Number of protein chains: 2
Amino acid sequence: MADRTGQQLYAQAAELARALASPHRIALLEHVAQGERPVERLAALTGLSMANASQHLQHLRRAGLVLARREGKNVLYRLGEGPVVPLLAALRAQVAHTHAEVMALVTGGENGMGAVETVSRDELLSRLRDETVLLLDVRPEEEFAQGHLPGAVNVPLDALEKRLAELPRDREVIAYCRGPYCMLSLDAALLLQREGLAASRLSDGFPDWKAAGLPVERLN
Amino acid sequence: MADRTGQQLYAQAAELARALASPHRIALLEHVAQGERPVERLAALTGLSMANASQHLQHLRRAGLVLARREGKNVLYRLGEGPVVPLLAALRAQVAHTHAEVMALVTGGENGMGAVETVSRDELLSRLRDETVLLLDVRPEEEFAQGHLPGAVNVPLDALEKRLAELPRDREVIAYCRGPYCMLSLDAALLLQREGLAASRLSDGFPDWKAAGLPVERLN
DNA sequence: CAATCAATCAATAAAACAATTGAATGTTTA
DNA sequence: TAAACATTCAATTGTTTTATTGATTGATTG
């Protein structure tokens, strides 16, 4: 009797892992983690056909990793209830450990241009207190509107080069985006460094911040 | 360029998840988490044929979840280097959340006999300080010998009923075993409760304790 | 109420996976 | 060096996944 229960748990864990066992579904999940999105947009963001995206999303839904609700003719998907973000973080952590090369790339490494330092959440919190830093959200405007870290300034990466003048030169810039997967903040920090600013990036992104229960600001 | 890297990470995360996407591999991993084991034994523990177990283990090895070394004519498998235990814990946490019924079963619930309380690691640490509890390892002797929590007393579940007299009646017993998956400590606590002792169980097991960097005792 | 749009369903063909069998490898023991 | 042993490899079969296509459902708009 004791072992039957164990078997059942193994099966459930495996089923859950199977739901994550597709690059497309991981990508969808990462996008859903940014906030509620209709299928159409998720399909566009991931380069999948509607039908295919829909099926993958339903696979995720069956596993409890995402939830869906209807609004008008759209079906909006959002993250599931459980500790989904920590689960994704654990996956990433293991990936980062086994594929150390990737980590080297993310932190800048040896590629000529200066390495980009990574700032942890705790570090960020203490640094924000002395007002010596500018917190920069480099995600698209719309994602920023749906929620961002308190006090963050939004300059999407696309617009960063043209809007450089808006940034103060006497404060260090800490950029963040969607999470460790997302390269927006890395590209932003590299660009800023080329322009002579002191720039680093937050080690994880908005979804992780929100999942940690830290305060979030929204536009209206 | 930014996105190609993202794609690559998605693919690696998915590959990792795929390695976990089989009940047999989860089971193998849980057994490997108890300590180094030769293929033959892992096969026996999971009820798989040698060849099949071997192939699953190699799948896990390719994913970096386990490592292998040769000793004599045996090949011993052990846990991989990265944060594998936290990853398994994250999987379990999500499973526990979505399948709440299972959690109800594990905590005893409504099944007539009294519920079994679950003690967290922190709780255990503070309770151990006042010496009012007996820490009971109910895993087989051999696993106990390979490593156990400091101060724990080993009485394998099989032998528990016959060796009840060894347990002090004036202290609360906290049982533990291999982890949240493992039902040994639950069965032990239920048995002890039937016999009139105050018994509860540690929420996770030995591998989690070890992975948390807490001190471990060994025989010899 | 017909037309439109987002999303899902259903069916298919191609690709990936799992368990089994028997042969091959590498180590120890006789 | 031959025999025994634990493990891995290779080939096979049956079963799941996957992406695609076209039809269908539900909800809005004219």
Side-chain angles (χ1 to χ4, degrees), chain A residues 7 10-29 31-32 35-80 142, chain B residues 7 10-32 35-78 80 142:
Chain A
Q7 304 286 44
Y10 295 156
Q12 288 166 348
E15 205 183 336
L16 176 58
R18 170 158 284 136
L20 296 168
S22 148
H24 294 322
R25 285 197 291 271
I26 296 269
L28 285 167
L29 211 41
H31 285 291
V32 167
E36 271 192 328
R37 302 261 182 282
V39 179
E40 191 180 29
R41 192 118 95 68
L42 291 168
L45 286 166
T46 52
L48 297 172
S49 72
M50 276 281 280
N52 202 5
S54 172
Q55 291 187 172
H56 279 301
L57 286 167
Q58 280 168 70
H59 198 153
L60 291 172
R61 199 165 62 82
R62 259 174 266 132
L65 290 167
V66 302
L67 295 170
R69 77 185 170 90
R70 179 142 218 156
E71 189 180 273
K73 38 185 171 186
N74 291 319
V75 172
L76 302 179
Y77 278 86
R78 64 183 188 283
L79 270 199
E142 192 203 315
Chain B
Q7 305 285 47
Y10 295 156
Q12 288 166 346
E15 206 183 337
L16 177 58
R18 170 157 284 136
L20 296 168
S22 147
H24 293 324
R25 286 196 292 271
I26 296 269
L28 284 167
L29 209 42
E30 291 283 335
H31 286 290
V32 167
E36 270 191 331
R37 301 261 182 284
V39 179
E40 191 180 29
R41 192 116 93 70
L42 291 168
L45 286 166
T46 52
L48 296 173
S49 73
M50 277 281 281
N52 201 6
S54 173
Q55 292 189 170
H56 279 302
L57 286 167
Q58 279 170 69
H59 197 153
L60 291 171
R61 200 165 62 83
R62 260 173 265 133
L65 290 167
V66 301
L67 295 171
R69 77 186 170 89
R70 178 144 218 153
E71 189 181 273
K73 38 185 169 186
N74 291 318
V75 173
L76 301 178
Y77 279 86
R78 63 183 188 283
E142 193 201 314

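The structure displayed is predicted, hence computed values, not measured ones. Each chain gets a letter, A, B and so on, in the order its sequence line appears, and its residues count up from 1. Basis for what follows: all heavy atoms, side chains included, without hydrogens, waters or symmetry-related copies.
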Closest non-hydrogen atom pair, [X] against [Y]:
X	Y	answer
A/Ala53	A/Val39	CB-CG1, 4.5 Å
B/Leu67	B/Gly80	CG-CA, 4.0 Å
A/Arg18	A/Arg25	O-NH2, 3.1 Å
A/Glu40	A/Met50	CA-SD, 3.7 Å
A/Ala43	A/Ser49	CB-O, 4.2 Å

Without decimals, in angstroms, what is the distance between [X] [atom1] and [N] [atom2]?
X	N	atom1	atom2	answer
A/Arg62	D/dT16	CZ	P	15 Å
A/Leu28	C/dA7	CG	P	13 Å
A/Leu57	D/dT18	CG	P	13 Å
B/Glu15	D/dT17	CD	C1'	17 Å
B/Arg37	D/dA6	CZ	P	17 Å
A/Leu60	D/dT18	CG	P	11 Å
A/Leu42	C/dT8	CG	P	10 Å

Has [X] got a side-chain N or O lying under 4.0 Å from the OP1 or OP2 atom of [N]?
X	N	value
A/Tyr77	C/dT8	yes
A/Ser54	C/dA7	no
A/Asn74	C/dC5	no

key: B/Gln58, nearest nucleotide to its side chain (from D/dT7, C/dA7, D/dC9)   = D/dC9
query = Would a 4.5 Å heavy-atom cut-off, applied to side chains only, mark A/Leu65 and A/Arg61 as touching?
reply = no
request  = Could you check which nucleotide pairs with D/dG14 in any of the strands shown, counting Watson-Crick or G-U wobble with both distances under 3.5 Å?
outcome  = C/dC17
note = Taken to the nearest 0.5 Å, the spacing of A/Leu29 CG from B/Tyr10 OH works out to 10.0 Å
remark   = B/S/- along nucleotides 17-30 of chain C (protein heavy atoms under 4.0 Å) is SSBBB-----SS--
